[in-house]
Chemist: 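After the structure tokens below, expect a handful of questions from me.
For the single chain, residues carry numbers from 1 onward in sequence order. Scope of the values below: all heavy atoms of this structure, side chains included, with no hydrogens, waters or symmetry mates.
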Amino acid sequence: MTTRLEGDFDYIVVGAGTAGCIVANRLSADPSKRVLILEAGGNDNWIWFHIPVGYLFAIGNPRSDWMFRTEPEPGLNGRALAYPRGKVIGGSSAINAMISMRGQAADYDHWRQLGLNGWGYDDVLPAFKKLEDHFLGASEHHGAGGGWRIEEPRLSWKVLDAVGDAAAEMGIRKTADFNTGDNEGIGYFHVNQKRGRRWSSARGFLKPALNRPNLRLETKVMVDRLIVENGRAVGVRFIQNGQEMEARAKGEVILCAGAVGSPHLLQRSGIGPAEWLSTAGVDVTLDRQGVGRNLQDHLQQRAIYKVSGVRTLNETYYNLFRRGWMGVDYALRRRGPLTMAPSQLGIFTRSDAHRERANIQFHVQPLSLDKFGDPLHRFPAITIAACNLQPTSRGEIKLRSAKPDDAPAIAPHYLSTDDDRQVAADAIRVTRRLMKQSALAPYRPEEYLPGPSVGDDAASLAKAAGDIGTTIFHPVGTAKMGTASDPMAVVDERLRFYGIAGLRVVDASVMPTITSGNTNTPTAMIAEKGASMIITDSR
């Protein structure tokens, strides 16, 4: 028996992640509109959601992570990868790298060139600025006073400074700000933190709005399916505390469940590629071929180099005195390694001279480990992870069954194109050239991974990329924006679902192509613009 959730709602927001928190905040600012936001995870009442280095404990923990895994990937030599997604208010912004990165102006201008009016860089810049409370203050590039706090990192490392100097020796310019439209350069990442604490979307947007009587948050809610009547989304069915429930919306249902969650929910609701739905035993409500397709992600090659004569986090962590001091330093000053984002130094450059713009991003870390969740190595080392920013490989998110707790099949199809394999090989070559620069000579870098036995020929490097390549957790594109003539488009330029009234998707899944950098900040921008569109269209 299904119980109706008491309350009369104008909007139902599915997912209290990066996008959902912003959408709920903006929609509930009108006291005449009642907003219900549903979150599958719980509250962020765990210390590791707030101490920045807590990502080490949150990723791979079922308390905070959906614990998804990819299918075995042919391009990764048959390996399957962990695929973390945040399962808590704030979503992935509660467990991610905290790096504030918009990407490149050319990313958004390309969206406009695809026919998506209103999504060029000049169009999206006001939304980025409105969100921000930037430590640099208000300017032509940044905003102040918004809910999205951005600060400088609160520590630096001599070895990372040396890597930056080495990159400069290669002709890459140094920059104080990656977020001016062109991120090519070398610098320390700006982070979503406030005085040494993580600043998630929940802290910045949801919690300040929860005292509004017209906003209701329900946690531990597994949304089962959409309710569609006469071609219109009118509500959702969900499970909470073992009970089947439903809620109805007079206005719109807004999916903010992310690039994995939103297409999976649509498919369980009978909306997606008909052949997938029929195979899974789901009745077809609407055959929309793009739902779950067009998955894009940034694959990184995690090279590791042993160093000597300079401090890294590896040996610092295993020294009991220094480990204790890290805790004291954080408690007293909110500084030190406990404030660290997973990556501190960024380098954006080109994998070869023929690229029109920066197409690889280096995440440089003063530490090394086999993978997230594993212990740090006991030898001093640094990690130089090179990401392909503009991959051409495309994957899919595909339901296995109609059961909401049955995780979907995630197949990113990494390195499935010649161009991606070429970029991966060239990125390793660039990494090796970087580590041979004179600025690093005093620290005698020694290649540990992929290893000196790996040759510099294309075949050896392509195999090495498959061996050491891993996701940097940026899935997008699985419910992409597109024009009405695009058979793979899922939503229009105003994020309205093609073929079903009263339904929008407002999260990373609507990106037609991936942005050139970390994807959390672009997702926040999409939420800001999407909420504004919903408000405008309701008038």
Side-chain angles (χ1 to χ4, degrees), residues 4-40 91 118 127 205-206 209 212 214-218 221 223-238 245-258 261-272 285-286 288 291 479-482 484 489-510 523-539:
R4 177 84 172 264
L5 183 71
E6 61 183 48
D8 187 20
F9 303 104
D10 295 281
Y11 301 111
I12 297 175
V13 180
V14 179
T18 296
C21 290
I22 295 169
V23 169
N25 177 294
R26 299 315 194 212
L27 297 182
S28 64
D30 180 349
S32 71
K33 302 294 186 182
R34 287 186 50 81
V35 181
L36 172 67
I37 182 167
L38 303 174
E39 168 57 38
F205 297 95
L206 181 61
R212 297 171 182 166
N214 61 321
L215 176 61
R216 178 171 176 177
L217 167 67
E218 293 288 333
V221 169
V223 177
D224 185 8
R225 65 190 62 206
L226 302 173
I227 303 172
V228 179
E229 295 176 353
N230 300 317
R232 182 178 186 86
V234 297
V236 295
R237 289 198 174 94
F238 59 92
M245 307 279 290
E246 74 172 43
R248 300 243 169 181
K250 295 186 297 183
E252 297 189 30
V253 177
I254 303 145
L255 301 190
C256 300
S262 286
H264 191 212
L265 172 57
L266 287 164
Q267 291 168 13
R268 294 198 309 271
S269 305
I271 304 165
T285 299
L286 178 67
R288 197 77 208 174
V291 175
K480 75 168 187 172
M481 281 190 285
V490 176
V491 298
D492 68 10
E493 64 194 28
R494 298 189 70 78
L495 310 184
R496 296 172 298 203
F497 199 92
Y498 280 118
I500 298 179
L503 178 63
R504 294 197 208 217
V505 184
V506 185
D507 58 29
S509 65
V510 305
T523 301
M525 177 276 294
I526 288 168
E528 183 67 56
K529 278 186 67 70
S532 177
M533 291 170 175
I534 293 166
I535 292 167
T536 298
D537 292 348
S538 71
R539 291 171 181 158

Chemist: Rounded to the nearest 0.5 Å, what's the gap from CE on M525 to OG1 on T18? Could you check?
Modeler: 13.0 Å
Chemist: Would V13 and L38 count as a side-chain contact (heavy atoms from CB on, under 4.5 Å) here? Give the steps.
Modeler: CA-CA 6 Å; V13 180; L38 303 174; over 6 Å; no
Chemist: Would you confirm whether Y11, through its side chain, and L27, through its main-chain N or O, come within 3.5 Å as a donor-acceptor pair?
Modeler: no
Chemist: Measure across A24 and I37 and return the closest heavy-atom pair with its distance rounded to 0.1 Å.
Modeler: CB-CD1, 3.8 Å
Chemist: Is a side-chain N or O of D10 found less than 3.5 angstrom from the main chain of R34, in a donor-acceptor match?
Modeler: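 Pair found, side chain donor or acceptor close to backbone of R34.
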Chemist: Please walk me through it: do F497 and V291 pass side-chain contact (heavy atoms from CB on, under 4.5 Å)?
Modeler: CA-CA 11 Å; F497 199 92; V291 175; 4.1 Å; yes
Chemist: Below 3.5 Å, can you tabulate the donor-acceptor pairs from side chains in residues 500-507 to any protein atom, sequence neighbours excluded?
Modeler:
residue : atom : partner : partner atom : Å
R504    : NE   : E252    : OE1          : 2.6
R504    : NE   : E252    : OE2          : 3.3
R504    : NH1  : R494    : O            : 2.9
R504    : NH1  : D537    : OD2          : 3.2
R504    : NH2  : E252    : OE2          : 3.0
R504    : NH2  : D537    : OD2          : 3.0
D507    : OD1  : S509    : N            : 2.9
D507    : OD1  : S509    : OG           : 2.4
D507    : OD2  : A257    : N            : 3.2
D507    : OD2  : G258    : N            : 2.8
D507    : OD2  : S262    : OG           : 2.6

Chemist: Is E6 salt-bridged to R4, cutoff N-O under 4.0 Å?
Modeler: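 A salt bridge is absent here (no side-chain N lies under 4.0 Å from a carboxylate O).
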Chemist: Do any N or O atoms from the side chain of R237 and from the backbone of M245 form a donor-acceptor pair under 3.5 angstrom?
Modeler: no
Chemist: Before you tell me yes or no, could you show the steps for L495 and M481 under side-chain contact (heavy atoms from CB on, under 4.5 Å), namely the whole-Å CA-CA distance, both residues' side-chain angles and the distance that decides it to 0.1 Å?
Modeler: CA-CA 7 Å; L495 310 184; M481 281 190 285; 3.6 Å; yes
Chemist: Would the distance check show the side chain of S269 and the main-chain N or O of R225 forming a donor-acceptor pair, the cut-off being under 3.5 Å?
Modeler: no
Chemist: So, taking the atom named CG in L206 and the one named CG in L215, what distance separates them when rounded to the nearest 0.5 Å?
Modeler: 6.5 Å
Chemist: State the CZ-CG distance between F238 and D224, to the nearest 0.5 angstrom.
Modeler: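 Spacing of CZ (F238) from CG (D224) equals 11.0 Å.
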Chemist: Do you know the tightest heavy-atom contact between V23 and C256?
Modeler: CG2-SG, 4.1 Å
Chemist: What's the spacing between I254 CD1 and L36 CG if we round to 0.5 Å?
Modeler: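 The CG atom of L36 is 10.5 Å from CD1 of I254, to the nearest 0.5 Å.
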Chemist: Rounded at 0.5 Å granularity, tell me how far CZ in R539 sits from OG1 in T536.
Modeler: 5.0 Å
Chemist: Do the side chain of K33 and the main chain of I535 share a donor and acceptor less than 3.5 angstrom apart?
Modeler: no
Chemist: Look only at the side chain of N214 and the backbone of D30, and say whether a donor-acceptor pair between them is shorter than 3.5 Å.
Modeler: yes
Chemist: Kindly say whether A489 contributes a backbone atom to a donor-acceptor pair with the side chain of R288 at under 3.5 angstrom?
Modeler: yes
Chemist: Is the side chain of R26 donor-acceptor paired with the backbone N or O of A531 at a distance under 3.5 Å, no angle test?
Modeler: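 Flag not set: sc R26 to bb A531 has no pair under 3.5 Å.
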Chemist: When rounded to the nearest 0.5 angstrom, what is the spacing between OH in Y498 and CG in D492?
Modeler: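 One finds 5.0 Å between OH of Y498 and CG of D492.
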Chemist: For E229, check side chain to side chain contact (heavy atoms under 4.5 Å, CB included) against everything at least two apart and list the hits.
Modeler: I227, V234, R248
Chemist: Ignoring hydrogens, what is the shortest heavy-atom contact between T523 and A508? Give both atom names and the distance.
Modeler: OG1-CB, 3.4 Å
Chemist: Which residues pass the salt bridge (Lys or Arg N to Asp or Glu O under 4.0 Å) test with E39, not counting sequence neighbours?
Modeler: none
Chemist: K250 vs I12, test: side-chain contact (heavy atoms from CB on, under 4.5 Å). Steps then yes/no.
Modeler: CA-CA 9 Å; K250 295 186 297 183; I12 297 175; over 6 Å; no
